[in-house]
**Q** 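I am attaching a structure below and will ask some questions about it afterwards.
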Amino acid sequence: METAKSLRVRVWRGGESGYWAEYAVAARDNQTVLDVVTEIQRRHEPSLAYRFACRVGVCGSCAMTVNGQPRWTCRTHVRKVVHDGQLTIEPLRNLPRIKDLVCDLEPFIDTWQRAGAIFQGRSDRNDPPQKVDPESISRKQADAALQCINCGVCYSACDVVYWNRRYLGPAALNRVWTLLNDERHSEHQGTFNKAFSRDGCSSCHSHGNCARFCPVELSPASSIAGLKKMAFRGYKARLAHE
Ligand code: SF4
Ligand code: SF4
Ligand code: FES
């Protein structure tokens, strides 16, 4: 933990090609990285582009790379990440850069579609709500992987995504795990087939960066391990007993 009166902040300006701009920002108590970016935009560089919405760790829109690591900036205190009074802030990695600290999230969002990670219910609005046993193993497994805020931090932290942009990635596969453990989902086999297609969960190298950096402490790596185990045990056999 470090304190300094002034922070030297390097910020990426531009798109895929650009340059590093340096700013001096006053160091304050309980200052977050998003506070620093906001101060730069308000006091030094009005044209600086960046994203945020809730400022309280709910919307997932403020993720950036801070001193080389992906972070949700509204909940990242400067004192925890600053090195020698310096911060380097750039967009999330593994995604196209649009302008300054804003990246294009479309390839990340697209992974949900490609992974079959879209919920499709068995009933319609006229049916009574389907009962789910909260104590069942499958429900507990699904519950442990919920609460993703779609921030893209895990996608940015994943080396396999870096090498292969077709890889479905940790967030979409974590979502698949919740669906395959959800008895209300009607497309189990279709979701399974997509998640195990080329560039699906068998491409995961299990090095765990996704779990290490997920700000809401999910473990996509564990979900993917569960998917692999599911395949090993014979998913069709499991379906036959449902
Ligand atoms: S465990 Fe798998 S999904 Fe997670 S960061 Fe590593 S390769 Fe990517
Ligand atoms: S799994 Fe965690 S790191 Fe990945 S998108 Fe969801 S909240 Fe963000
Ligand atoms: S601004 Fe919403 S999570 Fe950071």
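All ligand and atom numbering here is 1-based and tracks the order in the structure.
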**Q** In terms of residue, atom name and distance, what is the protein heavy atom nearest to atom 6 (Fe) of ligand 2?
**A** C148 SG, 2.3 Å
**Q** Heavy-atom pairs closer than 4.0 Å: do any link ligand 2 to the side chain of N150, the backbone, both, or neither?
**A** backbone
**Q** Can you tell me if S47 and E45 form a side-chain donor-acceptor pair at under 3.5 Å?
**A** yes
**Q** Give the cluster check for V82 versus M64: same hydrophobic cluster or not, with ILVMFWY residues linked at side-chain heavy-atom distances below 4.5 Å.
**A**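 Result: yes, single cluster for both.
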**Q** At less than 4.0 angstrom from any non-hydrogen atom of R55, what atoms of ligand 3 do you find?
**A** 1 (S), 2 (Fe)
**Q** Given L95, which partner from the list V161, L105, V102 fulfils the side-chain contact (heavy atoms from CB on, under 4.5 Å) test?
**A**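 When side-chain contact (heavy atoms from CB on, under 4.5 Å) is applied between L95 and each of V161, L105, V102, only L105 qualifies.
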**Q** Check ligand 3 against C59 and write out every atom of the ligand that is under 4.0 Å from a heavy-atom position of the residue.
**A**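 Heavy-atom distances to C59 below 4.0 Å select 1 (S), 2 (Fe), 3 (S).
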**Q** Can you list the ligand 1 atoms lying under 4.0 Å from a non-hydrogen atom of N209?
**A** 5 (S)
**Q** State whether the side chain of R122 and the backbone N or O of E183 hold a donor-acceptor pair below 3.5 Å, judged by distance alone.
**A** yes
**Q** Among the heavy atoms of P215, does any lie under 4.0 Å from an atom of ligand 2?
**A**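 The answer is yes: ligand 2 sits under 4.0 Å from a heavy atom of P215.
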**Q** Is H207 close enough to atom 6 (Fe) of ligand 1 to have an N, O or S atom under 2.8 Å?
**A** yes
**Q** Which ligand 3 atoms does G57 reach within 4.0 Å, using its non-hydrogen atoms?
**A**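 Ligand 3 atoms under the 4.0 Å threshold to G57: 3 (S).
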**Q** For atom 1 (S) of ligand 1, which protein heavy atom lies nearest, and how many Å away is it?
**A** G208 N, 3.2 Å
**Q** Which ligand 3 atoms, with their elements, are less than 4.0 angstrom from a heavy-atom of A53?
**A** 1 (S)
**Q** Where is the nearest protein heavy atom to atom 8 (Fe) of ligand 1: which residue, which atom, and how far?
**A** C158 SG, 2.3 Å
**Q** Within the 4.0 Å heavy-atom shell around V160, which atoms of ligand 1 are there?
**A** 7 (S)
**Q** Dump the intermediate steps for side-chain contact (heavy atoms from CB on, under 4.5 Å) on N94 and R165, then the final yes or no.
**A** CA-CA 8 Å; N94 296 342; R165 296 299 160 90; 3.5 Å; yes
**Q** Counting each atom of ligand 2 from 1 as listed, which ones have a heavy atom of V216 under 4.0 Å away?
**A**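 Going through ligand 2 atom by atom, the ones under 4.0 Å from V216 are 7 (S).
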**Q** Heavy-atom distances under 4.0 Å are what count here, so tell me which part of Y167 touches ligand 1: side chain, backbone, both or neither.
**A**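 The part of Y167 near ligand 1 is the side chain, not the backbone.
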**Q** Donor-acceptor pair, D199 side chain versus Y167 backbone, under 3.5 Å?
**A** no
**Q** State whether a side-chain donor-acceptor pair under 3.5 Å links R71 with Q69.
**A** yes
**Q** Looking only at side chains, do S138 and N181 share a donor and an acceptor under 3.5 Å apart?
**A**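 S138 vs N181: no donor-acceptor pair found between side chains.
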**Q** Which ligand 2 atoms does C154 reach within 4.0 Å, using its non-hydrogen atoms?
**A** 1 (S), 3 (S), 4 (Fe), 5 (S)
**Q** For the pair T38 (side chain) and L34 (backbone), establish whether a donor and an acceptor sit closer than 3.5 Å, ignoring hydrogens and angles.
**A**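 Such a contact is found between T38 side chain and L34 backbone.
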**Q** Under 6.0 Å from the ring centre and within 45 degrees of the ring axis: does the NZ or CZ of R97 meet both conditions for the six-membered ring of W12?
**A** yes
**Q** Has the side chain of H188 got a donor or acceptor atom that lies under 3.5 Å from a matching backbone atom of L179?
**A**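 Answer holds: yes.
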**Q** Just say parallel, tilted or perpendicular for the rings of Y50 and F52, cut-offs at 30° and 60°.
**A**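 Correct class here is parallel.
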**Q** For atom 7 (S) of ligand 2, what is the closest protein heavy atom, and at what distance to 0.1 Å?
**A**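 Looking at atom 7 (S) of ligand 2, the protein heavy atom closest to it is I149 N, 3.4 Å.
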**Q** Would you mind listing which atoms of ligand 1 come within a distance below 4.0 Å of any non-hydrogen atom of A221?
**A** 1 (S)
**Q** Can you tell whether the side chains of E90 and R10 come within less than 4.0 Å, N to carboxylate O?
**A**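 Salt bridge flag = no for R10 with E90.
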**Q** Just to verify, which of V81, I40, V9, T73 counts as forming a side-chain contact (heavy atoms from CB on, under 4.5 Å) with I89?
**A** V9
**Q** Below 4.0 angstrom from a heavy atom of C54, which ligand 3 atoms are there? Numbered from 1 as shown, please.
**A** 1 (S), 2 (Fe), 3 (S)
**Q** Report, in ascending order of atom number, the atoms of ligand 1 lying under 4.0 Å from any heavy atom of I224.
**A**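 Heavy-atom distances to I224 below 4.0 Å select 3 (S).
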**Q** Is there a side-chain contact between K194 and V176, using heavy atoms and a 4.5 Å cut-off?
**A** no
**Q** Tell me whether ligand 2 is touched by P170 - counting only heavy atoms on the residue side and a distance under 4.0 Å.
**A**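 The answer is no, since P170 has no heavy atom less than 4.0 Å from ligand 2.
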**Q** May I ask whether P220 places a heavy atom under 4.0 Å from ligand 1?
**A** no
**Q** For atom 2 (Fe) of ligand 1, what's the nearest protein heavy atom and its distance?
**A** C204 SG, 2.3 Å
**Q** Should you measure from each heavy atom of V58, which atoms of ligand 3 turn up under 4.0 Å away?
**A** 3 (S)
**Q** Of the side chain and backbone of S206, name the one, both, or neither that has a heavy atom under 4.0 Å from an atom of ligand 1.
**A** backbone
**Q** With a heavy-atom distance limit of 4.0 Å, tell me whether V161 approaches ligand 1 through its side chain, its backbone, both, or neither.
**A**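 Answer for V161: neither.
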**Q** Give the numbers and elements of all ligand 3 atoms closer than 4.0 Å to a heavy atom of C62.
**A** 1 (S), 3 (S), 4 (Fe)
**Q** Flag yes if W72 and Y155 sit in one hydrophobic cluster, no otherwise; membership is Ile, Leu, Val, Met, Phe, Trp, Tyr, and two members link when side-chain heavy atoms are under 4.5 Å apart.
**A**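 Result: no, two separate clusters.
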**Q** What is the nearest protein non-hydrogen atom to atom 4 (Fe) of ligand 1, stated with its residue, atom name and distance?
**A** C210 SG, 2.3 Å
**Q** Pull out every atom of ligand 3 sitting under 4.0 Å from any heavy atom of G60, numbered as shown with elements.
**A**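 Within the 4.0 Å cut-off of G60, ligand 3 contributes 2 (Fe), 3 (S).
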